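For reference, the structure discussed in these notes is given below.
Keep in mind that what you see is a predicted model, and the values were worked out from it rather than measured. Atom set for the values below is all heavy atoms of this structure, side chains included, hydrogens, waters and symmetry mates excluded.
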Amino acid sequence: MTAHGTGRRNAITKLLKGAVAGGTVTVTGWVKTSRFGKNVSFVHLYDGSSTHTVQVVLTPEQAEANKARLGVGAAVQVTGTWSASQGGEQAFEVQATDVQIVGDCDPESFPIQKKATSLENLRTIAHLRPRTNTFQSTFRVRNAVSWHIHRFFQERGFQWVHTPIITTNDAEGAGELFEVKVGDEPFFGKKTFLTCSGQLAVENFVQAFTDVYTFGPTFRAEHSHTARHAAEFWMIEPEIAFANLDDVIALAEDFIKDVCLSTIAQCPDDFEFFDKRIEPGNLARVKEALSKPFARVTWHEAVEILSNVKGRTWEFPVGPGMSLQSEHERYLAEDHFKGPVFVTNYPSVQKAFYMREDDNGETVSATDLLVPGIGEIIGGSQREERLDVLERRIKQFGLPVEEYWWYLDLRRFGTTPHGGFGLGLERLIMWLTGMKNIRDVLPYPRTPGSAEF
RNA sequence: GCCUGCGUAGCUCAGUUGGUUAGAGCGACGGACUGUUAAUCCGUAGGUCACCGGUUCGAAUCCAGUCGCAGGCGCCA
């Protein structure tokens, strides 16, 4: 049988798809569980390619020689015959002819046990949690989502733009930033920060390539202590030219649906795991939401809906000029629309300076996509393309106009109506999988006071 | 930044109005048994009750402080 990839091994996922007994295979992986008996012994291996393990069958002699070193977590390489299994829970197994212990794992001190444990506990051993079912599935899905994000845009001719991680503008109004310094020296001649958004930078490219996107890490130095905030997270920011807010919303909906459905199709076993062990019913709710048009309301309509809610007291009062708080967003997505909803045309005072002012002068062509359980996963807008209006708004926001000279230049040289949105990768993964904490969908979560790994 | 809650074996948790030697299940280890499936059965080891003061004849338990963690809110993705 031909080995997968480099030829050094047979990946478990490929073996299970083969579905024909016979031939010699080599499986590499880590011990999930093992059982030793007088006549026959079993070792189950995982290699990260599948939710399934491969059962390795050992003779009494092989078991006796390796028993002490085949505890949970040990790294092993097994060569043997791919055979029909006599057991009920798997169709095939490996009858071992050669067993090599590649890396020992002391069962007394190895913190991953052959039993369930809490996600909180696993956060304290983030270097070892990829060895568990939950994190195997989570990070396979994260990989698949990332792949389909690129595929979606590449198929549509979008250019992936690598906007800088180190930026100079600290006045985008997107929260606190991490400053980048070397000693006391202004390394770049002026103050620099880790990016909190690639949007302003990518706008220069949209006015040259028409359809572009960014996909990379983003940093926020806010002291946010919640299950859906991290100091370092990944964001996707498409930007389209010759486009208005309706075009942006249409893109966002197509994008979410394509990426989610493709990921579910690519990782059926992982989603079966999430539906069984993490959040029963979530997969059905997600599929239901993806099968019909997302709801859409203006901010004014949303306020109207909230004002008419009977028999409920709000912590933050509902009324004219209100800003939508978490409790209001959750009510809209979870109780009223029972699915994803685009809220559009917010009061301009509540939103960023670059969002395009509506003709009424009161609202901007912005949108947030709210989903049940998470809240906002997308924030987007049509951008202000009119030079005079943009200059006025920058001043109204109390920002230094001269700092935006190159951003304003775009409005001088062949400006176009354009817009885009930012999607939080982790929040999308949380909504898809039912994982409740952003710390558990990031490989190495960074939150205020915490960056151990 | 604000509010609330929680720190007891490796893990998940009990622990009464403060009362001798702090418990269970699982895991680990040892044995038995078995084409087994987080097997099953029997047994063994394992705890400075987060830390530091105080109250008391006596503190896991009551009080104060410190540290850590979690959840909610604000900010946002």
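Two residues are said to be in side-chain contact when any heavy atoms from C-beta on lie closer than 4.5 Å; A/Val297 and A/Phe342 fail this criterion.
B/rG15 and B/rU8: their C1' atoms are spaced 9 Å apart (whole Å).
Using a 4.0 Å heavy-atom cutoff across all strands shown, A/Ala230 reaches at least one base atom of the nucleic acid. Nucleic acid contact for A/Glu452: none, since no nucleic acid atom lies under 4.0 Å from a heavy atom of the residue. Contacts of A/Gly375 with the nucleic acid, taken as non-hydrogen atoms under 4.0 Å apart, are absent.
Checked against B/rA39, B/rA70, B/rG25, the side chain of A/Lys115 finds its nearest nucleotide in B/rG25. You'll find that the side chain of A/Glu89 is closest to B/rA38, out of B/rA77, B/rA38, B/rA28.
Within the 4.0 Å cut-off from OP1 or OP2 of B/rC26, not a single side-chain nitrogen or oxygen of A/Thr117 is found. Between B/rC75 and A/Ser224, no contact under 4.0 Å exists linking OP1 or OP2 to a side-chain N or O.
Residue-to-nucleotide contacts include no donor-acceptor pair under 3.5 Å from the side chain of A/Ser326 to the base of B/rC73. With hydrogens and angles ignored, no donor-acceptor pair under 3.5 angstrom links the side chain of A/Arg228 to the base of B/rA77. With hydrogens and angles left out, the side chain of A/Ser85 and the base of B/rG35 share a donor-acceptor pair within 3.5 Å.
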